[in-house]
Amino acid sequence: MSRRSYDSFAHESRVSKNRVTDDDLFDYVLRVALLSYLMTPKVAESPKTQHVSTESREHSSRLSALSNFSIGDMFRDVRDGSKSVKFPEKLLKVLEQKLQNIAMGKEAAYSDQLVRRTMGKFYGQFMVDTFKRQMKENRKIEELILMFATHATSVLKKEPTLAGEGWKLELNNQIAQFIKLLRESLRSVNHVSPELLSRLDTYTAKLAPTISQNPGYSQSDSGYDSASVRGDKDSGPVISSSIADMILVKVTGDLFKIPESALQAEVDKVRGSVVSEKAAMTDLKTCLKNINAGAPFPGRREDFESDAAWQHWRTLETTHLQQLMVIMVQFNPSLAKSTPSDILPSINTSNAGRPGSLYSQLDSPGALRHSSISSRRSLFVGVDMDDTAEGDDELPVGHHFTFIPPNPKKFYKRLVEYCLIADLERMMSPEVDDNDEVSLGILSPPHIELINECALRWRIPHSYRAACFLDLVKQFYERNDVPLECIPEALQNVTKVIQESELEFWPVPDVDYLANVYAALFNVFLSSLYHSMDAIPNLKQSDLKNFLPILDHIHESTLISRFDIDIGARVQDVQDRVRQVSAEWYDGNMREKQSAPGVNRALPLLLMTDEIETAAKALDKRFPEPILGKLDIVSLYVEVAVPRLVNDLRTSQKRLFESSMNGPTPDVPIQDIFALYRRTTTLMGMYRAFVPDGDLELDIPAFFEPYVRQWLVNTDDKTKNWVEAAITHDKFEAEGAAGHSSSIVDLFDSLRSPINFLQELKWEDTYQEGRFFTSLAKTISKAIDHYCRSVESLFLNEMFPRPSEYLQPQKSSAWLEKARQIAITGEKRVEPFNFRPESCVKLNNIEAARKLLDNMYNQMEADKIAEVIRASAPPVPEKTQRDTFLFSVKIAIAEGLVPLDSSPSSKLDTFVTLSDEAGTRLAKTRTIYESLSPRWDETFDLSVDKPLWLMVSVRDRALVGKHDIVGRAYLCLDPRRFSDFLSHELWMDLDTQGKILVRVSMEGEKDDILFHFGRAFRSLKRAEGDMLRIFIDKMSPFIQQCLSRNVIKTLIKSRDQGMDYNKALGNVTALYRQALGNTSSEPQIPLPSAEKPRIRPEELTDVEIEQAILPLFDYFDANLQTLNTYLSDTAKEMVMGRVWKEILGIIEGLLIPPLSDIASDMKPLSDKEVDIVFRWLKFLRDYFYANGEGPVSQEVLNNQKHRDVLSIRLYYDWHTDALMEECVRMMQQSLRAAPSMKKRAKSVYSQRNLGTIKERKKEKKQEAESASEQIIMRILRMRPGTQEFIAQQLQIMAAMQAEHEAHAREVEERKLKRQQNRDTIPPVPALPSH
């Protein structure tokens, strides 16, 4: 390097303002480094001399020092400050190690014994856990210093060599040593607050004058090393001229690679002649004068956007310059002689206030700054800037400086670049191991201290320092010299400066410079972001984590808006790249999946929907917020991928449908179609959420509706198999407390699965969904009907077994044989029927099915669906098909049937069939055995869309061969005839002899969910009714046999002939119990011998009357055990209620004949016989009630039928004329009270769930009325000469009822017409003419 001449300042005129050479840079950096040393003097060591001669001199010097300083003065500014500054937590660890080294004598700079003792004492307290914890929580530097002062005081007071008040002066020295130790420890810690360093400088400055007043103390290289008060120096301080003691000068020489000899020569040449404290003071005064004169340097009004910013900068800059001048005067009082007193503020160390500083040294990330005394801030404010330049008129205005180069900012930038290059070379050298941790701030601590010293002397604002460092790091990054992680570190420096001073107070050139750097960085990393989009849709947060925070920082700063940079266009480029990559990804994946062999047409679409959904969710999770507030990656991805999928879906629509319908095992399973529906629905939902302004439309319901319709057809075809499979695998054994078997559970589980499936589809179109559920309800109704018919068939086989397949137990057969032998009459005896558990379980299944069906009704929300369909149904088109009507045909009873073999004692085993015009059998009733007046009471539903002729055939069942026809009748089901929707009773004459009663009602058959559920409930109800009826039919013959006129006559006859009736009935009972296996639990109590035999008593006793029907009680005991064990509570209640009703009917039949206008050959019973009948009724009622523990409740026992039977006894002995008069009176009264309109027949809708069924039963119960007039007519039927009266009364009843119905229909029609007139919108009147 060439030699430089410092003979005069004339060389400054030769320095170019536009070009910074290495020689010029070295000149100015060396000046600053040397000045830093001069402001921090190095004391040359001299041998120790004798002790102070007199104790009074030592004491007076200490007192003089104490009179100027105290600890309270030192921290007064902190207490009065705005807030405390916390030290880094890592400082405690570094300080602990240094204290340990001092205590062990390993630190040469702190080798004094007294210093080691005080430091050792404090180290002991420092290692206490509670103290460490307290310091970590507070992290206040003042508390740390005060704690040291406390322990140092305890040591110094005990020191015998410190006589009197000498320990106080030594305490100040010890505190200064501790502050020095803190500064050295902070050099090894990152991210040190500039405010903290400034505060330590303040404390050092306060301690300096106090210590310097004592000649017994010497200053070390960095402050105030103590030689103790025990010794003194022979001479005053001598400043070293060796560069070995000049730290920053050596750093400068190393930086510019100047040999030590040449560097020493340069220093010797400029020291004193060029570099001096006076020259530095002159530079500071020139800066102040330039500010007041409006010179370009260091700043003027034109450099700021507003007056407020200019005044803010001017105040801070002027104050800082004056503070530097004060500090220089403190360390060199001779400078005050050349400086007017009005320039320097008054010095008052006790009441100084610490100003906030904008120009605290920059704390570079990853390194520490090391400042000289010249950079320390004083505590003095209150300068009058208008007077700062007085007395300096001889100083010229302009750029006439010793230490400040012509273009300070360019020189500063070149210096930082030089330092960066040097530190990077050091990092890459072999001396630094690859595993060593290096700072992301790059700069080393010595270089940071040098840069800060130059920035301070060159008056480089912190705003430019931060922007310059960021610019250089950016340039090094673009050359791949530094890693990306260095950029955030540089940005952090910028953030700190902005936090200290807002951008509006920055100089305009610095703001523009930072904005320019930000714009360049934004372009660099936006390009990186652009290329990162190539990883979509597998882009991860980690791929962007390095530069995305940088982009966010720059974007949030809004600095780049100062330039005409179209950020929207740049971001649009990235958005277009995202769309392009997304499209390429989709097309490539779809081609790959479609080219795979052996896959169905739906699988590629299905797999793509899965991948799109997965990728979109992953992108949304990784990037929940748009990048830079504009780049929403997941929205752009969805915006491209979903429409392409929809387009492929539309293209494949026809082929998908054909592939899913080609045979029983289609190429595309229907499950894949519905999986595609769910995924497509999800993706469309995502599209609407992420792309709210998108115009993509896909009518998903219309696209997938054909598949749902086909699925419903397939489900309908499967239900028959479900029913048959459930019944096949059922053993009809009771499961659980409900008593039902497995088939009903299996069936409803199968039927529930399609309901769940439809609900899980979450169909968007509620009307279509309602139609789907309506179709499914129809399928369920058909399945329930099929199950009922199948179970009824099995039930009938059990209740009516063929002789070859089922035999009664041997004991019963033996009893029957013996009963025939002892029969009093030659009449055919009835074989009692014993019920099987399987039959009870089947009835329980029907009851359980009603509850399960009701649950299914609620699960479907059938009422809500019906309302949706009603409200949303499209206009009804013109009818192209006939309406369908549902006829309910009930085969009630037949009368007057004639046996085919003309035997007077012959009976018929009849059943009825219904056949259409083609001879196809549509319905068939059960067989009623041994009756010429059979009652079937079975109902059948027939769907009719046009008039249908039915042939009603009554047949006699034959065990072998063809069944004989007893008679035929014909019925036309014409919707026009039954359009009143009422129930019509039709007595039809058979073509041979006799007649049959058929009840017909009609309602419109609708494809309605409530209608289908009603039909399903009706199927269950009818199946339940039929099975109950069969239960009763199997019990009724034996009940009739036990409660017959023959038994009454036998009872009375046995008494008249003198038989021992007890013995005869006892034999019969014993034989019956033997046939049943002695199942009765009641013990037999033999009669006392005094009562045997009772010959010809005057009256029959209750015991005798009860024993006459004892076989019936035994029969009930035998079968009630089975019914009670295997029937559910509800079924048991229904069966026993029906049994009681049957008993009441049989009792009624013993007393009076049925109502008819045909003469009856039935004779009235005598009073004794009537008394026996009613006693039987009482015995049976008591048996079924059993004091509240019986199988039938008292409410059921005392029903209207029971009251009607009891009323028979009231009228039974009346005279014929009195009966006729009472009949006429009661008939007139009942007709007046009768409702005007006959109610419609029971509709399917009234049976759509258990709730409506219960309401119907409640209404029916309330409508139950006494039929006393009919009872009177039935009694009159046994009286001679009453046929004409009865026929007349029946005609009157029919005529009056027809008249009431006709009147009611007229009223109803008038109401309908008035309603239609109100609903008709009148025409708009014509406009009035003018």
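Numbering starts at 1 and runs along the sequence shown. Bear in mind that the values here come from a model prediction, so they are computed numbers and not experimental data.
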List the atom of [X], the atom of [Y], and the distance in Å for their closest heavy-atom pair.
| X | Y | answer |
| --- | --- | --- |
| D937 | R1029 | O-NH2, 2.7 Å |
| M988 | L971 | SD-CB, 4.0 Å |
| R926 | E938 | N-OE2, 2.8 Å |
| A849 | F748 | O-CZ, 3.6 Å |
| L606 | R679 | O-NH1, 3.4 Å |
| L683 | L645 | CD1-CD2, 3.2 Å |

To the nearest 0.5 angstrom, please state how far the [atom1] atom of [X] sits from the [atom2] atom of [Y].
| X | Y | atom1 | atom2 | result |
| --- | --- | --- | --- | --- |
| S775 | R709 | OG | CZ | 6.5 Å |
| H729 | E724 | NE2 | CD | 12.0 Å |
| F732 | F795 | CZ | CZ | 11.5 Å |
| H786 | S1019 | NE2 | OG | 12.5 Å |
| L950 | L973 | CG | CG | 4.5 Å |
| T715 | I670 | OG1 | CD1 | 9.5 Å |

Please determine if D749 and R752 form a salt bridge, counting it only when a charged side-chain N lies under 4.0 Å from a carboxylate O. yes

Ionic contact status for D785 with R789, cut-off 4.0 Å: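 Salt bridge: yes.
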
Please tell me if the side chains of [X] and [Y] come closer than 4.5 Å, counting only heavy atoms from C-beta onward.
| X | Y | value |
| --- | --- | --- |
| L997 | L986 | no |
| I996 | W936 | yes |
| V841 | E733 | no |
| V668 | R655 | no |
| Y1126 | E838 | no |
| V642 | M686 | no |
| F1011 | T774 | no |
| R678 | L761 | yes |

Can you check side-chain contact (heavy atoms from CB on, under 4.5 Å) on F1031 and V1139, steps first, answer last? CA-CA 9 Å; F1031 265 100; V1139 171; over 6 Å; no

Verify salt bridge (Lys or Arg N to Asp or Glu O under 4.0 Å) between E867 and K864, making sure each step is shown before the conclusion. CA-CA 5 Å; E867 179 63 24; K864 181 179 179 181; over 6 Å; no

Let me see the working for F757 and F674 under ring pair (Phe, Tyr, Trp, His ring centres under 6.0 Å), right down to the final yes or no. CA-CA 10 Å; F757 175 81; F674 288 121; 4.7 Å; yes

Do W763 and Y677 pass the ring pair (Phe, Tyr, Trp, His ring centres under 6.0 Å) test, and can you show the C-alpha distance, the side-chain angles, and the key distance before you say yes or no? CA-CA 10 Å; W763 203 260; Y677 161 79; 4.9 Å; yes

Given T939 and V889, is the side-chain contact (heavy atoms from CB on, under 4.5 Å) satisfied, shown in steps? CA-CA 5 Å; T939 305; V889 180; over 6 Å; no

Modelled atom types, side-chain donor and acceptor of S888 and R1018, under 3.5 Å: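 Side chains of S888 and R1018: pair found under 3.5 Å.
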
With no hydrogens and no angle check, just 3.5 Å: does a side-chain donor-acceptor pair link Q710 and N714?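 Present: a donor and an acceptor within the cut-off.
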
Worked verdict on R1022 versus C788 for side-chain contact (heavy atoms from CB on, under 4.5 Å): CA-CA 9 Å; R1022 287 178 179 172; C788 292; over 6 Å; no

Taking it one step at a time, do D716 and K782 satisfy salt bridge (Lys or Arg N to Asp or Glu O under 4.0 Å)? CA-CA 9 Å; D716 187 73; K782 290 168 61 178; 3.0 Å; yes

Checking side-chain hydrogen bond (donor to acceptor under 3.5 Å, both in side chains) against K842, which of E798, H740, E792 comes through?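 Result for side-chain hydrogen bond (donor to acceptor under 3.5 Å, both in side chains) with K842: E798.
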
Applying side-chain contact (heavy atoms from CB on, under 4.5 Å) between M1027 and each of N845, L843, L796, V1135, report the one that passes.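 Per the side-chain contact (heavy atoms from CB on, under 4.5 Å) rule, the option paired with M1027 is L843, out of N845, L843, L796, V1135.
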
How far apart are the C-alpha atoms of E769 and L758, what are their side-chain angles, what is the distance that settles it, and do they pass the side-chain contact (heavy atoms from CB on, under 4.5 Å) test? CA-CA 8 Å; E769 185 182 39; L758 270 183; over 6 Å; no

